[in-house]
Amino acid sequence: MLNYILRRLLILIPILIFISLFIFVIIKLTPGDPALVLLGERATEQALNQTRIKYGLDQPLHIQYFKMMENFFKGDLKSINYKQNVISVIINRLPATLELGAAALVIAIIVSIPAGIISAIKRNSVFDYISMSIALLGISIPVFYTGIILMYIFAVKLNWLPASGYGGHIWTTEGFKYFILPAISLSFVLMASTTRLTRSSILEVIQEDYIRTARAKGVKEKSVILIHAFKNALVPIVTNIGNQVAGIFAGAVLTETVFAWPGVGRLAVNAIFRRDEPLVFGCVIFLSAVYVIVNLIVDLVYTLINPQITYD
Amino acid sequence: MISKYLIVLLGFNLLTLIFSLSKATNNQDNLISYLIFALLTLALGFLINKVRKTNQTDSNIQTTSNLTWKKLKRNKNAVFGLIIIIILVYISILAPFIMPHDPLEMNWGKTIQKPSLEHWFGTDEFGRDIFSRAIYGVRIALGIGLLAVVLNTLLGTFLGLIAGYYGGRVDNLIMRAIEMWNSIPFILMAIALIAALGTGLLNLILVVSITGIMQFARVIRSSVLGLKKADYVLAAKVMGIPDRQIIIRHILPNCIAPIIVLATLRIGEMILTIAGLSFLGLGIQPPMPALGSMLSSGQQYISENLMMSIVPGTMILLIVFAFNLLGDGLRDALDSKLSN
Amino acid sequence: MESKAILEVRDLEVYFPIKKGLLKKKVGEVKAVDGLSFTLKRGETLGLVGESGCGKTTTGKAIVKLIEATGGEIYYDGREILNMSPREFKAIRPKLQMIFQDPFSSLNPRMTVGDIIAEPIKFHRPQENIQELVEHYLELTGLKKEQLSRYPHEFSGGQRQRIGIARALALNPEVIIADEPVSALDVSIQAKIINLMKRLQEELGIAYLFIAHDLSIVKHISDYIAVMYLGNIVELSPAKELYQNPAHPYTKALISSIPIPDPRKKKDEIILKGEIPSPLDAPSGCKFATRCPYATTKCNNQRPKMEVISNNHQVACHHWKKINS
Amino acid sequence: MRKKLTLVLVTLLALFLLVGCSTQQEAAVQKEGQTSQNNTETLKIGIAKEPANLNPVLISGLYGESLAGNIFDTLVSFKENSAKASPALAESWEINKAGTEYTFYLRKGVNFHNGDKLTADDVKFTLEAIMNPENASPSKEFFEPVKMIEVIDDYTVKITLKNPYSPFMMALGNPTAGIIPKKVVEKIGMDEFDRNPIGTGPFKFAEWIPDDHIKLVKNKDYFLAEPNLDEVIYRPIPKAEVMAAEIQAGGIDIASDLLPQDIKKLSQDDSLVVKTVSGLSLKYVGFSAQIKPFSDVRFRKAVYYAVPIDDVVQGIFGDTGDRAYSWIPPSVFPDDNEYMKAHALKQNEDKAKELFAQLKAEGILKDGFEFSIYSPQDPYRKKVATAIATELKSYGLNAKVEALEWGTLLPLLKKGKAGIYIMGWGSVPDPDRWTYKIFHTGSAMNFSKYSNKVVDQALEQGRRLVGSDKRGTEYKKAMRKALVKDYIHIPLAFTNVTTVMNKNVEGFEPSPQGYFHLVTDKRNVTIK
């Protein structure tokens, strides 16, 4: 087990090196001049050159890459735009995104797992039909569209919730209000697939022998579903949630833009637009690392719910 | 069984062909539509012929594809999705013939109008007809979606086949690359790539088509891993059939099922990704009518004319929804585990 | 009449490494086939018998190079094939064919019978009339040419096995490795397939390496029989001799377990105690020692060598003389 | 099983610790914000884009300048009257007759936010920092004519110019010339100062959470008056429709950069007040003077004829902009709009067709020639580009729109690679600032790469002349040549500055440059 975790973390190193090279190439392929974006349209050629020299943009590419890598790992890669350490810029923004993602995840789980279970039990019923349709509609609407509509209804028309922005951590009362709309609109992405997966894996498990045995033994229907079926259906559901982490990040990029949310997704997009090369570099590497680690955790959670899986 | 539906479609095609013949040569766009439509009609005729033949010979024996079709037909959702897709495909091919207005024609005196007899869904901020733009938008969305999916499928399947079949170092290399690819949030990747390559239509197709490869390759690889241990693959090896041929003749045809399912589900995702990029201003560039850009500019007029956002929004929803329905149905039909 | 050896296997070894730990270090190996030797003569059949897991299928696959052998030599028609370059081996490939155990998975479900049989011909004999040849082999194996355009799932197990045989024959092989070709079939059909194989052997002069997990099936088709236990041959003998005078205690046990159709005959079945040990930790001495009723300390410490009992009859047992006296 | 559980828990814990570290940092900031929340007057301003810097020396862009205007003070002020300088940090000043020597007498008793006294040293330091090429200041160019800065005594500073330079006072009054504390900057460095600015202005910098908000708190000791507001929060809201939703929902008190349709809608809301001033900014269509066929004046005229500019401007800018005919806004000297309007081209399909046909016949405009109309990602300019591209398509021209983000667009423009582009300009009310950088050969903002001797000479002359009538003639000459002879640009609209604010915001007026002036000698914004 420990070996497994270590190996997974070791694999992270070549992956990150590859990613860093890859993103570096993309950054350098991107037309545009970080110095120009920083100084603005009125900048003179002399000022531009000065800035380029300051950020080492005048050096050969391979030296720029190694410099970037070196500084990144030393922890003093500085964002051109924020003039701060890239890592601290990202870490400062991370809670907003992680909390948003977690809130969306929780909403999705709270809604979709019961919905999926009921759909599975009452297969082909009206409830099943409706919840499946809603689930499918959920992933068929662009996430930014749901965001605007929610904002329009709940903030502008009803004036119940703040329209946009970040009001502090989710566990503060003030902050919580700000979380509701973006988290709901982001949770749509997850809800659909989780509901459908819960339904189909419960259905699959129900048909297996040990469930039949349990039923035949006279175990109550409720406990059949909850204890036996659900426990065994959990593995694919957890896998799916793990896979959705990428989806959350992607959705977050759009949701954060709609709700003027100070998260990592928007930071990364703005960094790309502003040609803040070190920050783009840092964001991508950081997000990738988070993704890999979250997936590692998901894999470990498997072992808890399914003792048959071991990683030795 | 299938031929009954096909004959109805063929009849429809023939009638429309005759009807639209006069309009066919107006411009390049119409001509392309007309040619595709004529090809479609030919293909339908050919299909009817083939279906009839097979139905005559073995009526009692069920081939796999026949069985799949039957299961699919029993799935009401999938049939519903399929019908929507067929209608959308027809709409997009016939777009130049059925649009009431030129989707690009501006009218400064009639901006942001509510629905009327002349403009069924009203007009947008340039006085352009929303209905015509939506129809044309569906055409572009489907065109791009299909093209990107084909590219995506080819690349993903190729990588998956190679990784799964050769295993070892090749597999390791490809899977690591996929893992790496996978760990970069794809929308960021798309944004970075579009920023690097520029916002052309071709670039857009390229970028969205490479963003979904990993999922594809992974699934194909795992089914290849199973298939390559099948005795008929071993038999082919013993017979000295070259690897390339084994992959093409024995492995590929047997993982068509997951490929079809994945590809169907991908189309929806791609259209959503393109819409998302349009929202950030990186999608299809104006003046070409694109659903995503229509939607995101419609949002600016949400209180003036709801139609500006509802129409493209609904169209996106319809396309994605239909493909998801069909994809789900196909998965159920092709997956033996849930078949009964 | 001494016919020439078409296939000779010498000290064949197939080891699978076991990898473990952080860096996937090799910590041991599974000795699936551990020094195996036999000779197959032109037009004859060698039955290779053993319990499942003893390495007989691995042996078969190693001979057709589906699995890479870690040691030993294999001679086809006097030429060593294990160290041959892929290009050289290409010419020999068609001569060494295989029939698989499961007739359901050995045929590509998406190809018609005609295509399945035509495929090897297209690659190896492209200049010939493919259609004609396909029909020829189909009829040779007792199928009708009307069935050419059908798919495998429309056939029964026996018919499918015939298709598999036809496909192998299409390359004009000299040797066919038959990997338990009938064990997945009904008893009534088993005989038919075996008879077909016998007939084909007579007509075409093919040599079979007939792999089976019990002695009853190979009895009628084999000229020689080799009994395998945990990666080694423990006894090798002409078929009749083996049934009449089994020398190895394992062979004796196998023979005694054959159901006897005649109830009047007395039956003294030897029942083996214990299970076949895992090849991961095979006993260091005689591999059969853990289950052998005659085992001594010598058996536990020293591996027995093949000893010649009589003409063509060999056995690997320290105590064969004592047991059979 | 138990072993596994602990391992999983340990991994989870490690991850949370990682996040936790950062959370703590935030929590500290949060606390500080919360304590001052009760009974405080907080003004929330929505801005479309987050400023890139807050250090006057490095600032570029409207919002950076706007914020800096409230943190820093300049020697002279144009805050209330955008054409005439009024005293700020300098109580009075003298200019010699040749217009080359400026002497400023500083106000006494002005303190920086950290308590340090403002002296002539700080002024000298600031201006020299702008001129120092190492700092790569975007506003360096405005101080190019400076020859020497002398500190006469603690409160007197003398600036000598190489030659007369009429817009020099404007340069000193711009927020980009806000005076920074020498001691502090020398200690922490330019870059660090950018994130921790210290000025003399009415508000102190408090915190900056990127992409979320920038918070300023009041400077009780501000030399003009104690600000009524306790806190000002600037919130970047990138989408105009979200900005409109926010002002309605009450998330912000002042909204800027709204779309015309939203302004119309919001003006019907009783709880909101809409205020408009005619602004000092222009949107225009530019053509390349280097790339064929755009370099041919007939092509530019043909486009002018082909597009119904009046309709486009009315349709897209609505009430937020007026049709422009010249580059220099009517409120800025010299007003030549009558002449320019009379010579502007009106839509004329026949003439457009004729010109296009001519160009085609001569092979200058090739068949199937495909070109892009470049525009930034702002809704107005993107729409203009779309409208022009659509119109040109109906003439059989293969035009498409490329709405790019700044990062891609700017280098393109700088290199003169954009054939047609839609851009904007906004500046102080001085004709030089409106023309020189755009039309003079080789200037930084000359995206058209336009070069004309007559225009160059007129612009150079305009800089040197101080007498106002003569100066006006030069600028008129330059503009007439460039715009209604060469048609190098099509001016589209002078856009107004419209702000929508909550009814209980009192004393706030939008400034023509789009700045948010909260405390000046004439106003002190408050919330009822």
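Lettering follows sequence order; numbering is per chain, from 1.
Note that the CZ atom of A:R93 and the CG atom of D:D212 stand 8.0 Å from one another [nearest 0.5 Å]. Atoms NZ and CG, from D:K414 and A:L36 in turn, are 5.5 Å apart once rounded to the nearest 0.5 Å. Note that the OH atom of A:Y82 and the CG atom of D:D194 stand 12.0 Å from one another [nearest 0.5 Å]. Expressed to the nearest 0.5 Å, how far CD1 of D:I237 lies from OG1 of A:T257 amounts to 13.0 Å.
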Show every donor-acceptor pair shorter than 3.5 Å between a side-chain atom in residues 44-54 of chain D and any protein atom, with sequence neighbours excluded, or say none if there are none.
from	atom 1	to	atom 2	distance (Å)
D:E50	OE2	D:W208	NE1	3.1
D:E50	OE2	D:D211	N	2.4

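When the shell of 6.0 Å around OH of A:Y55 is examined, it contains more than 12 heavy atoms from other residues, nucleotides or ligands. The environment of D:E134 atom CD is sparse: at most 12 non-hydrogen atoms of other residues, nucleotides or ligands sit within 6.0 angstrom.
Across every non-hydrogen atom of A:A260 and D:R235, the tightest pair is CB-NH2, 4.4 Å. Here the closest heavy-atom approach between residue D:V242 and residue A:V258 is recorded as CG2-O, 3.3 Å. Nearest approach of A:R266 to D:P236, heavy atoms of both residues: NH2-O, 3.7 Å. The two atoms that bring D:R195 and A:N81 nearest to each other are NH2-O, 3.4 Å, heavy atoms only.
Contacts between A:L158 and chain D at a heavy-atom distance below 4.5 Å are absent for every atom of the residue. Only the side chain of A:N270 comes within less than 4.5 Å of a heavy atom in chain D; its backbone stays farther off. Of the atoms belonging to D:S443, not a single heavy atom falls under 4.5 Å from chain A. In this structure, the portion of A:K54 lying under 4.5 Å from any heavy atom of chain D is its side chain and not its backbone.
Not counting sequence neighbours, the partners of A:E277 by the side chain to side chain donor-acceptor pair (under 3.5 Å) test are A:K28.
Using a 4.5 Å heavy-atom threshold, the side chains of D:K239 and A:S164 count as separate. Counting heavy atoms from C-beta on, the side chains of D:E192 and A:K83 never come closer than 4.5 Å. Residues A:Q84 and D:P210 have side chains not in contact (no heavy-atom distance under 4.5 Å, counting atoms from C-beta outward).
Ion pairing between D:E405 and A:R275 holds under the 4.0 Å rule for side-chain N and carboxylate O.
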